[in-house]
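Heads up: the structure comes next, in structure tokens.
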Amino acid sequence: MHDIRLIREDAAAFDAALARRKLEPQSASLLALDEKRRALVTQSETLLAERNAASKQVGAAKAKGDDAEFERLRALVSENKDKIAALEAETAEADAALRDALMQLPNLPNADIPDGADEADNVEDKKWGTPPSFSFDPKQHFDLGEAMGCMDFETAGKLSGARFMLLSGALARLHRALAQFMLDTHVDENELTEVWTPVLVRDEAMLGTGQLPKFAEDSYRTTNGWWLIPTAEVTLTNTVAGEILEEAALPRRLTAHTQCFRSEAGSAGKDTRGMLRQHQFEKVEMVTICKPGESDAELERMRGCAEGILEALGLAYRTVVLCTGDMGFGARKTYDIEVWMPGQDSYREISSCSTCGDFQSRRMNARWRPAPVDGGKAGKPEYVHTLNGSGLAVGRCLIAVMENGQQEDGSIAIPQALKKYMGGATRIGADGALT
RNA sequence: GGAGAGGUGCCGGAGUGGUCGAACGGGGCGGUCUCGAAAACCGUUGAGCCUUCGCGGGUUCCGAGGGUUCGAAUCCCUCUCUCUCCUCCA
């Protein structure tokens, strides 16, 4: 959510930034709402002040036992009752109108990110590793997985329908190993704090991180009103909702391994084969809560944590800066990390690391209090900055490991880093056996 | 799922219709004292919004939302969360 005061100060800059998102100018209508709201606030507060003062006199008359005076004043005060109630209602309405309008608008892009319409305009920032060369035609993960009997889309379809999968044996274990490896790395080496969170959340949490109110159709909702989280960004970031954090507690770096649920509405026909795009998948998520001055450095740190996982697994990747047209609703700047997928002969997204500035913290009212600078007085609370990133998408990482490690005979070499999570095994045979 | 109790400031905890943003205690911060520290004593210590160049003024907030009233932390209703007991249970 945007700071209306910043829009008041520089409406042109606000509209210019929105224009980079291909949005019409909004400042004029927002400022009109704001002016109406402020006028109403001033009016109703003036009336309230009068009422409060008069009420004190009523109380004083009562205390003195002057019944005639009491009745006279009481009648006087009650005259404005309806007027005040109406004005207060109108004020609340104007306040809500402004807030609703602000809630609908996406974050403003950072100055340093490229303009563009879609992913074709993203800018490569880094390339790591060399895609493996094969003396045969590399297969896609689903062909490999189905051949070894460890990846079963038919049975999953029977249970749940399209965009679900069932893993068994060596691949189920490899999937689990990947998640463990990521989590351990983030905790032991990257010094993130491990968190286990709910996956069912209230409206407020989804509003706080920006999934609501605009993108309700992308998520699932239970019959009693809980939302299934599309990412642990929702739970991890909302841990600080409504809080005022002490400066010494920042930055707060969190990680969690959770199930994620997405309806994939609007992606019909995209990646329909295999497990690249599922309704239910696992992800290890990273979230950082920090002071405004720290967020740029934290974004680089976070993206490094994600890249480190791929490097440890020996998977070639490239990192791109998303252009204005491809960036998500709440982000100011986003790095997508794309892993090389030999079966598809292309780089595919496996992580997305974003800084949201104070966009989410304003929505969820998450602040920090500057520590007292020698001489006492602690500073005024300010909004924190929030960042989130995948570290990594577990299912997609499984695909990458399979496709990059595949051999001509249909077996798969397991990265060294996963050996200890795989009971010492270093390969999965074409028949699905671990050896 | 059933029964009961309760949600007050950084923490504990008073407060059952008026002068309560809120006693008291603890903590934090500043000061006095001290070579320094401890102790003691004194002072201070919430957030949002509106208004003002500023000083300041006003207003709202005692889990959330409604209601009663001239006036609500205090009364009523709904919701929500926490705790205890029972029931069930991975």
Side-chain angles (χ1 to χ4, degrees), chain A residues 1-9 30-100 102 196-208 222-227 235 238-250 259 358 361-384:
Chain A
M1 190 169 74
H2 299 286
D3 185 355
I4 188 66
R5 274 177 288 205
L6 290 182
I7 302 173
R8 289 207 288 253
E9 276 168 28
L30 291 171
L31 290 175
L33 286 172
D34 180 46
E35 259 173 57
K36 185 179 172 199
R37 169 185 145 270
R38 284 191 291 158
L40 285 167
V41 165
T42 306
Q43 274 183 58
S44 68
E45 287 193 353
T46 306
L47 280 184
L48 279 173
E50 287 170 8
R51 185 203 70 185
N52 288 347
S55 269
K56 282 195 180 181
Q57 293 178 17
V58 176
K62 182 78 174 171
K64 267 196 285 181
D66 187 345
D67 284 348
E69 181 68 355
F70 170 75
E71 283 303 331
R72 192 183 70 81
L73 289 169
R74 198 178 62 81
L76 207 64
V77 174
S78 61
E79 267 176 24
N80 271 337
K81 217 186 154 190
D82 290 345
K83 203 170 160 193
I84 289 176
L87 208 47
E88 279 194 304
E90 221 180 317
T91 305
E93 213 172 284
D95 207 54
L98 177 62
R99 186 180 170 82
D100 288 350
L102 289 170
W196 188 93
T197 81
V199 296
L200 296 174
V201 299
R202 314 163 169 286
D203 292 350
E204 287 81 355
M206 295 284 277
L207 283 163
T222 65
T223 52
N224 66 341
W226 281 320
W227 295 90
T235 46
N238 275 287
T239 54
V240 298
E243 304 281 330
I244 299 178
L245 304 164
E246 293 305 324
E247 181 172 9
L250 299 175
Q259 302 280 340
D358 60 7
S361 62
R362 283 181 178 283
R363 294 175 152 245
M364 63 178 73
N365 195 26
R367 292 168 292 173
W368 65 289
R369 188 193 307 282
V373 192
D374 43 37
K377 61 241 166 200
K380 277 266 176 198
E382 298 174 29
Y383 289 105
V384 295

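Residue numbers begin at 1 in each chain, while the letters A, B, ... track the order of the sequences.
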[N] phosphate, OP1 or OP2, under 4.0 Å from [X] side-chain N/O:
X: A/Arg367; N: B/G48; answer: yes
X: A/Arg5; N: B/C49; answer: yes
X: A/Lys81; N: B/C70; answer: yes
X: A/Arg38; N: B/C49; answer: no

Distance between [atom1] atoms of [N] and [M] (Å, rounded):
N: B/C42; M: B/A47; atom1: C1'; value: 28 Å
N: B/G18; M: B/G26; atom1: P; value: 29 Å
N: B/C75; M: B/C62; atom1: P; value: 14 Å
N: B/A14; M: B/A73; atom1: C1'; value: 12 Å
N: B/G67; M: B/C81; atom1: P; value: 23 Å
N: B/G46; M: B/G30; atom1: P; value: 16 Å
N: B/C33; M: B/A40; atom1: C1'; value: 9 Å
N: B/U16; M: B/U74; atom1: P; value: 12 Å

Contact class for [X] vs. all strands (heavy atom < 4.0 Å): base, sugar-phosphate, or nothing?
X: A/Asn52; result: sugar-phosphate
X: A/Val58; result: base
X: A/Arg202; result: sugar-phosphate

Of the listed nucleotides B/C70, B/C50, B/C49, the one nearest the side chain of A/Arg51: B/C70

Nearest to side-chain heavy atoms of A/Ser55, which nucleotide of B/U51, B/G71, B/G58: B/G71

Which whole-number value in Å describes the distance from [X] [atom1] to [N] [atom2]?
X: A/Ile244; N: B/C10; atom1: CD1; atom2: P; answer: 7 Å
X: A/Glu88; N: B/A72; atom1: CD; atom2: P; answer: 10 Å
X: A/Arg369; N: B/G46; atom1: CZ; atom2: C1'; answer: 7 Å
X: A/Met1; N: B/C49; atom1: CE; atom2: C1'; answer: 13 Å
X: A/Glu204; N: B/G63; atom1: CD; atom2: P; answer: 17 Å
X: A/Leu48; N: B/C61; atom1: CG; atom2: C1'; answer: 13 Å

For RNA chain B, whose closest nucleotide is more 5', that of A/Pro381 or that of A/Thr46? A/Pro381

Do [X] and [Y] touch side chain to side chain, with heavy atoms closer than 4.5 Å?
X: A/Thr222; Y: A/Trp227; answer: no
X: A/Lys36; Y: A/Leu40; answer: yes
X: A/Asn238; Y: A/Val201; answer: no
X: A/Glu88; Y: A/Leu48; answer: yes

Heavy-atom pair with the smallest gap, counting every atom of A/Leu102 and A/His2: CD1-O, 3.7 Å

Taking a pair as Watson-Crick or G-U wobble with both distances under 3.5 Å, which nucleotide is matched to [N]?
N: B/G27; result: B/U45
N: B/C83; result: B/G4
N: B/C20; result: none
N: B/C53; result: none

Cationic N near anionic O, under 4.0 Å, A/Arg72 to A/Glu69: yes

